[in-house]
Amino acid sequence: MRHYSLTGYGVSLGNNQKLMKDLIDRIIALESISKELEPTEKERDRLNQEVQAYANTFIKALKTKPAYTKGEVNSDALKIDSHQHSLTTLLEHYSSEVADQGIKPASGGHLGYIPGGGIYTAALGDFLAAFTNEYAGMYYGSPGAVTIENELLDWMKGVFGFPKNAIGNLTSGGSIANLIALTAARDAYGVKNEKITKSVIYMSPQVHHCIHKAIRIIGMEDVQIRLLTLDALSKIDSEKLKETIAHDLENGLRPFMIIASAGTTDTGAVDPLEEIGAIAKQHHLWYHIDGAYGGFFILDEEKKELFKGIEMADSLVVDPHKSLFIPYGLGAVLIKDKEAVFQSHHYTANYMQDAVTNMQINPADVSPELTKHFRGLRLWLPLKLHGVQPFVACLKEKLLLTTYFRSQLEMIGFELGPTPDLSVSYFWYPVLEGDENAFNEKLMELIHQDGRIFLSSTKIDGKFVIRMAILSFRTKITTIDSAIVMIKTCLSAAKSHFGI
Ligand SMILES: *Cc1c(COP(=O)(O)O)cnc(C)c1O
């Protein structure tokens with residue numbers, strides 16, 4: 001008989017009957033406590049019903065509750081202690097301390113930053129993924145889950161004109177997706193050692209800050225970064241880009257990557273993707289496009305032209321948790337050069353020897369993650385249930401609502417930023433005498449105090465402007481009408497504050 005040495009026992013049991021009985025008794029005693037973690041079917045029904053009821057109350061209230069509440073969280077209610085609490089109490093705490101505080105990404109009234117989504121059927125996908133707990137890191141572990149994720153990536157390759165043999169990954173969001181893409185670029189061009197300080201990356205000053213973070217994380221902070229000149233519509237000026245590259249070449253530098261945006265965060269500008277693609281090709285540069293906000297607007301036939309050239313990218317990032325209305329936690333990256341990605345992410349270890357299979361690309365070979373959430377299901381389920389068409393209609397609706405909002409604002413005397421490429425735009429109230437920035441800052445403050453509709457602000461060439469980003473699937477024409485009512489009220493208050 002084998003002798004087991006047991007932690008907590010510290011002895012080998014051997015044939016000692018008494019110790020064996022003692023051991024079994026202890027295991028059984030613990031089981032009666034740990035079985036709490038497996039609620040019975042009846043308990044599950046009760047728990048599900050409570051959450052279901054909360055979901056219904058929550059969604060119903062979204063129309064009337066403010067999109068923004070600046071509040072204080074009672075963290076005592078959220079502290080971990082050793083007691084058990086009823087789900088009823090916990091849902092009350094969730095509602096008051098979490099769901100009712102701050103910006104509400106689930107609300108159609110969220111028109112700030114880049115709004116979130118949170119379609120219900122995606123939450124059901126998460127629920128399924130969680131209780132089946134499929135291992136989505138390796139094909140060997142869950143061939144079905146990995147196939148679903150790869151099917152989604154194949155669908156995206158089709159949407160963006162990427163070749164079938166490109167690879168990709170479903171990430172937690174756009175930041176990690178950009179990190180994976182930039183790492184591949186680094187490895188494809190061997191940017192290391194003495195090459196680092198001579199290598200040049202070209203990008204718009206409007207690129208999302210996660211690009212700068214990624215550059216630091218992957219040890220490229222000492223590359224030369226050229227923040228390019230923009231045209232009047234905040235897009236990369238491709239003539240100036242050519243000149244900058246020529247200048248760097250003359251100076252013995254090593255141009256290596258161009259980063260363009262398919263929808264900047266600040267103004268939603270889509271860079272001239274095709275022109276930049278041609279320049280990248282001519283100079284053999286890695287071409288990266290960040291479409292985290294805007295990428296999926298390509299699904300609108302009327303916007304296709306704007307995205308021409310996106311298929312020329314070596315790597316592309318999109319964010320289904322933005323422009324496909326999925327709850328937070330889903331980005332995607334597509335990359336043409338598989339070897340470059342494998343250089344940093346493909347790994348074999350002895351303890352993984354059973355998992356080697358060439359059937360499909362393993363998510364773990366394309367990302368720093370090994371064990372991962374089966375996040376593909378939250379997109380796959382809604383796409384299969386609803387079909388793609390409602391998503392496309394929703395994107396088109398957002399574009400038209402942007403036009404509608406802008407013309408309503410114009411009618412009440414606001415100045416508008418240029419006609420936007422997509423659904424991000426900005427406006428400000430002109431003040432003939434006095435400090436226009438101060439007036440608009442005050443107006444923004446009043447809008448935040450009101451909170452019915454949430455808008456954010458930015459600075460365009462030193463000018464304080466209020467920004468609108470229409471991307472929530474719950475933003476409807478009635479939302480825009482409410483926004484106008486709210487803005488009118490706040491405008492009057494700002495005017496009386498300044499005595500105008
Ligand atoms: C939101 C955004 C990102 C960052 O994506 P996360 O999903 O927030 O990590 C990157 N680029 C652009 C253009 C974005 O709008």
Side-chain angles (χ1 to χ4, degrees), residues 102-103 105 110-118 122 152 156 160 168-183 185 201 203-218 227-228 230 233-236 257-271 273 276 287-298 303 306-307 310 313 315-335 367-369 372-373 375-376 378-379 395 398 402 420-426 454 456 458 467-472:
I103 305 170
H110 180 7
L111 311 181
Y113 306 108
I114 300 290
L152 286 166
M156 291 181 204
F160 295 103
N169 189 248
L170 298 179
T171 62
S172 57
S175 300
I176 301 298
N178 275 301
L179 179 75
I180 292 173
L182 266 51
T183 308
I201 304 179
M203 63 174 90
S204 156
Q206 294 277 344
V207 291
H208 192 274
H209 73 271
C210 74
I211 299 275
H212 295 284
K213 267 172 74 171
I215 287 172
R216 281 192 248 154
I217 293 169
I218 63 176
L227 296 180
L228 301 164
L230 304 183
L233 297 174
S234 302
K235 299 172 186 234
I236 290 174
M257 171 161 57
I258 302 182
I259 300 173
S261 307
T264 57
T265 312
D266 220 17
T267 63
V270 178
D271 287 321
L273 303 178
I276 297 175
Y287 186 22
H288 176 65
I289 298 179
D290 180 1
Y293 151 62
F296 282 108
F297 280 101
I298 198 175
K303 288 285 170 192
L306 190 62
F307 291 92
I310 205 165
S315 52
L316 170 69
V317 164
V318 287
D319 243 357
H321 68 196
K322 286 178 179 163
S323 40
L324 285 181
F325 325 112
I326 298 300
Y328 289 141
L330 192 65
V333 59
L334 299 177
I335 300 171
S367 140
E369 294 178 287
K372 70 186 270 287
H373 173 44
R375 52 178 75 100
R378 59 199 350 247
L379 178 57
L395 287 166
K398 303 309 119 181
T402 308
D421 283 333
L422 302 171
S423 68
V424 175
S425 179
Y426 57 91
F454 181 74
S456 56
T458 186
R467 196 177 151 280
M468 63 165 95
I470 301 183
L471 197 61
S472 165

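Since the model is a prediction, treat every value here as computed from it, not as a measurement. Whatever order the structure lists ligands and atoms in, that order sets their numbers, starting from 1.
- The single protein non-hydrogen atom nearest to atom 4 (C) of ligand 1 is His208 CE1, 3.5 Å, given as residue, atom name and distance.
- In terms of N/O distances under 3.5 Å, ligand 1 is approached by Asp319.
- Among residues two or more places apart in sequence or in another chain, the salt bridge (charged side-chain N to carboxylate O under 4.0 Å, His left out) test is passed with Lys303 by none.
- For the pair Ser472 (side chain) and His110 (backbone), a donor-acceptor distance under 3.5 Å is absent.
- Within the listing of ligand 1, atoms 15 (O) sit less than 4.0 angstrom from a heavy atom of Tyr293.
- For atom 1 (C) of ligand 1, the closest non-hydrogen atom of the protein is Lys322 NZ, 1.2 Å.
- The main-chain N or O of Ile326 is never found under 3.5 Å from a side-chain atom of Arg378 such that the two would form a donor-acceptor pair.
- Looking from atom 11 (N) of ligand 1 to the surrounding protein, the closest heavy atom is Asp290 OD2, 2.6 Å.
- Checked against a 3.5 angstrom limit, the closest N/O atoms of Asn178 and ligand 1 fall outside it.
- Interface atoms of ligand 1 facing Thr265, defined by a heavy-atom separation under 4.0 Å, are 12 (C), 13 (C), 14 (C), 15 (O).
- With sequence neighbours excluded, no residue forms a side-chain hydrogen bond (donor to acceptor under 3.5 Å, both in side chains) with Tyr426.
- The shortest N/O to N/O separation between Gly173 and ligand 1 does not fall below 3.5 Å.
- Between Phe307 and Phe160, a ring centre-to-centre spacing not shorter than 6.0 Å is recorded.
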Evaluate the criterion side-chain contact (heavy atoms from CB on, under 4.5 Å) for residue pair Asp266 and Val424; output intermediate values, then yes/no. CA-CA 7 Å; Asp266 220 17; Val424 175; over 6 Å; no

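- Taking a cut-off of under 4.0 Å to the non-hydrogen atoms of His321, the atoms of ligand 1 that pass are 7 (O).
- Exactly one residue among Lys213, His208, His288 makes a side chain to side chain donor-acceptor pair (under 3.5 Å) with Asn178. That residue is His288.
- Heavy-atom contacts of Ala292 reach the following atoms of ligand 1: 2 (C), 3 (C), 10 (C), 11 (N), 12 (C), 14 (C) (cutoff under 4.0 Å).
- Of the heavy atoms in Cys210, only side-chain atoms (C-beta onward) come closer than 4.0 Å to ligand 1.
- Counting only heavy atoms of the protein, atom 6 (P) of ligand 1 lies nearest to Gly174 N, 3.3 Å.
- For Arg467 (side chain) and Tyr113 (main-chain N/O), a donor-acceptor pair under 3.5 Å exists by modelled atom type.
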